[in-house]
2 protein chains.
Amino acid sequence: MPRPKEFIPDEALEKAMQVFWHKGYEATSMEDLLEAMDLNRGSLYDTFGDKRQLFLKVIDRYCHGFVGEKFSLLDQPGPALPTLRLFIRGMIEGGLADPQRRGCLIANSVMELSPHEKEIAGTLRQVLKLIEDTFFRVLTRAKQQGELNNGKDPRALARFLATMMQGTIVMIKAGASADAVNQTAETALTILD
Amino acid sequence: MPRPKEFIPDEALEKAMQVFWHKGYEATSMEDLLEAMDLNRGSLYDTFGDKRQLFLKVIDRYCHGFVGEKFSLLDQPGPALPTLRLFIRGMIEGGLADPQRRGCLIANSVMELSPHEKEIAGTLRQVLKLIEDTFFRVLTRAKQQGELNNGKDPRALARFLATMMQGTIVMIKAGASADAVNQTAETALTILD
DNA sequence: CACATATTGGAACGATCAGTCAGTAACAAG
DNA sequence: CTTGTTACTGACTGATCGTTCCAATATGTG
């Protein structure tokens, strides 16, 4: 009996994500979102709540969709360490290829909001934990398969890789050259040897 | 003959820096700045120009004062590598000790503004280059003094350390535990062995 | 003491902010 | 067709944004 929506919520959420990713939370106005999502105020507020709630939904989508999809590659059986290396190089290549240098929505949001928005900060911390844990699993598997030196600590390495990724994102956003970023990544990866 | 200013510009700039550091550029209002700097609109605009110009002055101050001061320790004669290790550990300890977890004004600004504000982005890139070059000098010195393995590349390591620092700042802002951050730092430092 | 000058305090500007709401439109069930 | 339920529309709110402007004020010099 209700009148059907004239938009697909998930598609609208995708558009909202692009805007937040590109401009950041504060710098994104509801006007921006309405235009990008191609719907009107009432529909937006009815469907997604206010700006913060919408943003939380966007973060959730980014986490489960974008991040989850990419990182699930690491949990597939087969050689662990080479896959991990390829994954990290691919991640960096992707970041460098973006002409807008938007970096990573998670890192952007941590830097902009974590100190002030406790609820959002909690969500973001969970995502980072998820990333660390994925690295941990693949490193543990690498160790079991004899690909990783037995003296190495998978937890420490997982944290190291996660931190390194975030640092690389900062450098990419700062405008570092592809050469410098790649050299840094290769330097970091030597720690797995 | 003119009436003297009732405030010390440099002190006011210091206050402005604290606000920008804590809240970020967009989220800081002129109202916030007026209150913190304890002066009135006319004086602020006459002395520092508009918000962006004030921010550039703040960045400049942060770079020459805060960053310059700390990093100059690395250029002093004596043992290079141990000094570098102490420096990095001290940097991280300082970041963790800040109850507000403000991170680093440079990194914060890169993440918030670099993609959109070309002028500010240029200034920030210069500061990061300055940091990388300081690491490069100390590593080169370490190599000359036989403290660093001859096979190591000072430029690559300098970039690595700079990137690692930025990543650590992200993690600190994200609310990572001191243990995790310290473990990560120690893992990263093994690359100097 | 008075002049010249820069600072000061605050009113006011238009623009934009996030969010609200009453009125209209569209669908499905009875 | 009527009715109930939801979605869309767009004008509107009060607050806040960065910025401008000016009269009042306070100072050091002649």
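No experiment lies behind these values; they were computed from the predicted model shown. Side chains included, hydrogens not; waters and symmetry mates left out as well; all remaining heavy atoms used.
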Please list, chain by chain and in numerical order, all residues satisfying side-chain hydrogen bond (donor to acceptor under 3.5 Å, both in side chains) with [X], sequence neighbours excluded.
X: Arg155(B); result: Glu132(B), Asp133(B)
X: Thr134(B); result: Arg137(B)
X: Asp32(B); result: Lys23(B), Ser29(B)
X: Asp10(B); result: Arg61(B)

Q) Looking at Phe20(B), does the NZ or CZ of Lys51(B) lie under 6.0 angstrom from its six-membered ring centre and within 45 degrees of the ring axis? A) no
Given atom [atom1] of [X] and atom [atom2] of [N], what is their separation to the nearest angstrom?
X: Leu34(A); N: dC8(D); atom1: CG; atom2: P; answer: 12 Å
X: Asp38(B); N: dT7(C); atom1: CG; atom2: P; answer: 16 Å
X: Gln53(B); N: dG18(D); atom1: CD; atom2: C1'; answer: 13 Å
X: Phe48(A); N: dA7(D); atom1: CZ; atom2: P; answer: 11 Å
X: Met37(B); N: dG9(C); atom1: CE; atom2: P; answer: 14 Å
X: Asp46(B); N: dT5(C); atom1: CG; atom2: P; answer: 16 Å
X: Leu44(B); N: dT19(D); atom1: CG; atom2: P; answer: 10 Å

Q: Sort and list the pairs that fulfil ring pair (Phe, Tyr, Trp, His ring centres under 6.0 Å) and have at least one residue in residues 162-193 of chain B, not counting sequence neighbours.
A: none
Q) For residues 120-154 of chain B, which residue pairs qualify under ring pair (Phe, Tyr, Trp, His ring centres under 6.0 Å), counting only residues two or more places apart or in two chains? A) Phe71(B)-Phe135(B)
(Q) Asp50(B): which residues meet the salt bridge (charged side-chain N to carboxylate O under 4.0 Å, His left out) condition with it, sequence neighbours left out? (A) none
Q. Tell me, for nucleotides 17-26 of chain C in 5' to 3' order, what letter each nucleotide earns: B for a base near a protein heavy atom under 4.0 Å, S for only sugar-phosphate near one, - for neither?
A. SBBB----BB
Q: Determine to 10° how strongly the helix from dC1(C)-dG30(D) to dG30(C)-dC1(D) is bent, judged from the axes of its five-pair ends.
A: 10°
